[in-house]
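Quick one: this structure, given as structure tokens, is what I'll be asking you about.
Everything numeric in this text was worked out from a predicted model, so none of it was measured. Numbering of ligands and ligand atoms starts at 1, following listing order. For the numbers below, each heavy atom of this structure counts, side chains included, while hydrogens, waters and symmetry mates do not.
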Amino acid sequence: MSAAMPCLSPNPPPELALIVPTYNEAAAVAEVVRRVAAVLDGIAWEIIFVDDDSPDGTAERVRELARHDARVRLIQRIGRRGLSSACIEGMLATTAPLLAVMDGDLQHDETLLPVMLETLKTAALDIVIGSRYVAGGGVGGWNTQRQRMSRLATRIGQRLIRAELHDPMSGFFMVRASVIHNCIHRLSGVGFKILLDIFFAAPTPLRFQELPFTFRQRETGASKLETAVLWEYLLMLAQKLIGTRIPVRFIAFSLIGGLGVAVHMAVLWPLLHWFGTSAFLAGQMAATLVAMTSNFFLNNILTYRDQRLVGRQLLWGWLSFVLVCGLGALANVGIANALFQQGHSGWFLSALAGILVGAVWNYAVTAVYTWKK
Ligand code: GDD
Ligand code: MN
């Protein structure tokens with residue numbers, strides 16, 4: 001707050017906001033609040049849980065806590081998933097000058113919070129990071145596969161942000177709100193690597209310090225980081241390379257479309273082999289249907305992971321997808337043919353233009369009709 005303007009309310013506004021993304025952490029949230037309150041005694045803070053409508057009733061638990069403590073707040077997002085986007089929305093929902101992000105499952109050591117706060121306030125720093133990979137820190141009880149995965153992702157991350165960060169994958173940090181506001185439009189919000197996202201988006205290199213902590217074992221609930229988060233990580237990297245003007249879903253959609261070509265050929269080839277070339281038309285139709293179907297399911301699992309169709313929706317989704325992509329194929333062939341007939345562009349460019357128009361059509365129309373919100 002500026003010195004010229006006195007505090008107008010009986011309670012001082014928060015100096016520090018803790019952002020806690022949650023998905024199925026009903027059993028842990030009360031303990032999180034209790035521990036945070038204990039370590040932040042004497043500081044004006046608030047805690048914002050950003051819950052993606054957890055089926056276990058996390059949001060309701062947080063509401064109960066908030067009825068007894070005005071420092072507890074809730075953002076309940078409907079029909080959305082995503083760790084990074086949850087953190088970003090939480091950070092935008094507060095006016096506190098300092099922001100911390102912490103997991104809601106008690107795996108992050110909250111006793112580091114006052115140390116982070118002191119460090120950030122006294123040193124010329126933009127961000128302090130809770131790190132598992134500096135002296136004094138560690139991961140408690142992770143299996144070797146998880147450790148290996150984490151180390152690989154860490155190495156790639158370090159390469160990309162060109163900062164000597166030991167733990168770029170950490171989800172535990174405290175940052176000046178101004179840093180976030182300065183780069184808010186460049187954050188991708190995809191996946192779960194919010195810290196990397198911030199380092200990427202910052203217009204100038206961030207002044208940071210890492211503080212060691214030991215990653216605790218989970219007491220209740222389960223980790224939500226499945227294999228698909230590796231895919232999200234790749235998408236986020238692709239987004240960084242290509243830029244934000246092209247939607248990341250379109251990149252995913254196109255990658256899967258490319259894979260569809262391989263599926264198509266893998267189906268067509270044995271059919272021609274067994275039934276001879278007279279079966280070309282029938283084989284082509286079968287291959288197209290199989291490729292479209294596999295594309296539909298892959299897109300449903302990967303591209304639209306956060307709004308996946310399930311149960312009966314799958315049937316309508318599949319039907320609309322096949323219809324739309326069928327039209328897309330017609331447009332593709334029609335445009336390529338028209339361009340080729342004009343004679344200005346050769347076969348290659350004509351075909352490429354057809355593919356591009358088809359891809360954009362398929363992407364745009366299925367986004368509206370197949371995976372409608
Ligand atoms: N709102 C929301 N939406 N929250 C989510 C979602 C989501 O889709 N997915 C997970 N969370 C919440 C969890 O409820 C938890 O509070 C926190 O985000 C971390 O999720 P975990 O599922 O517990 O992740 P982890 O313990 O396996 O991974 C942690 O360590 C990684 C480093 O290896 C996290 O801190 C990661 O951010 C970190 O990269
Ligand atoms: Mn966890």
Side-chain angles (χ1 to χ4, degrees), residues 18-33 35-36 47-59 61-62 73-93 100-110 112 129-133 137-158 165-173 189-199 210 213-230 232-233 236 304-308:
L18 267 124
I19 316 300
V20 181
T22 54
Y23 194 75
N24 286 346
E25 308 289 2
V29 286
E31 183 61 13
V32 170
V33 172
R35 293 193 192 177
V36 164
I47 187 166
I48 304 174
F49 290 92
V50 188
D51 183 66
D52 285 347
D53 205 19
S54 305
D56 78 343
T58 305
R61 284 291 175 80
V62 174
R73 296 178 49 200
L74 169 71
I75 296 176
Q76 183 178 2
R77 306 197 302 171
I78 307 298
R80 310 265 308 276
R81 277 303 299 275
L83 184 43
S84 286
S85 63
C87 293
I88 293 170
E89 279 166 48
M91 295 195 275
L92 288 175
V101 170
M102 189 173 91
D103 287 353
D105 56 4
L106 303 168
Q107 288 193 280
H108 288 158
D109 183 355
E110 69 288 334
L112 197 64
I129 298 142
S131 170
R132 299 160 295 173
Y133 302 131
V139 284
W142 265 10
N143 60 34
T144 32
Q145 199 214 328
R146 175 81 203 250
Q147 288 195 28
R148 217 174 297 145
M149 218 173 90
S150 175
R151 254 196 309 259
L152 176 70
T154 300
R155 220 163 302 142
I156 301 175
Q158 284 166 336
L165 252 185
H166 292 89
D167 195 358
M169 301 294 146
S170 177
F172 188 26
F173 56 88
V190 178
F192 63 110
K193 295 311 180 192
I194 176 69
L195 184 63
L196 269 186
D197 204 353
I198 294 170
F199 268 80
E210 289 180 278
F213 83 102
T214 302
F215 197 79
R216 294 195 194 115
Q217 291 224 39
R218 216 179 221 284
E219 290 167 26
T220 56
S223 168
K224 284 96 210 172
L225 303 194
E226 324 143 32
T227 342
V229 299
L230 266 180
E232 289 190 337
Y233 185 49
M236 189 185 111
Y304 291 98
R305 208 171 108 71
D306 53 344
Q307 51 188 89
R308 217 178 276 176

Do His108 and Phe172 have ring centres separated by under 6.0 Å?
-> yes
Under-4.0 Å salt bridge between Arg216 and Asp109 =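 Result for this pair is yes, salt bridge flagged.
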Would you say Arg80 contacts ligand 1, with heavy atoms under 4.0 Å as the rule?
->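 No, Arg80 has no heavy atom closer than 4.0 Å to ligand 1.
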Report yes if some N/O of Thr22 lies less than 3.5 Å from some N/O of ligand 1; otherwise report no.
-> yes
Partner residues of Arg61 under the salt bridge (Lys or Arg N to Asp or Glu O under 4.0 Å) criterion, sequence neighbours left out =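 For Arg61 there are no salt bridge (Lys or Arg N to Asp or Glu O under 4.0 Å) partners, ignoring immediate neighbours.
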Sequence neighbours excluded, which residues qualify as side chain to side chain contact (heavy atoms under 4.5 Å, CB included) partners of Ala100?
-> Leu16, Leu18, Leu113, Met174
Can you tell me if Phe172 has a non-hydrogen atom under 4.0 Å from ligand 1?
-> no
What is the total of protein N/O/S atoms that are closer to the Mn ion (ligand 2) than 2.8 Å?
-> 2
Evaluating non-hydrogen atoms only, which member of Arg77, Arg81, Gln76, Arg218 is closest to atom 7 (C) of ligand 1?
->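 Considering heavy atoms of Arg77, Arg81, Gln76, Arg218, the nearest to atom 7 (C) of ligand 1 sits in Arg81.
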Any residue meeting salt bridge (Lys or Arg N to Asp or Glu O under 4.0 Å) with Asp51, in chain and number order, not counting sequence neighbours | none
Taking NZ, NE, NH1 and NH2 as the nitrogens, is one of them in Arg132 or Glu210 under 4.0 Å from a carboxylate oxygen of the other?
->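 Salt bridge between Arg132 and Glu210, a charged N being under 4.0 Å from a carboxylate O: no.
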Salt bridge Arg218-Asp105, side-chain N to carboxylate O under 4.0 Å |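 Salt bridge flag = yes for Asp105 with Arg218.
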Just heavy atoms, cut-off under 4.0 Å: does Pro21 contact ligand 1 by side chain, backbone, both, or neither?
-> both
Taking the minimum heavy-atom distance to atom 16 (O) of ligand 1, which of Gly104, Ser54, Ala86 ranks first?
->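 Heavy atom nearest to atom 16 (O) of ligand 1 belongs to Gly104.
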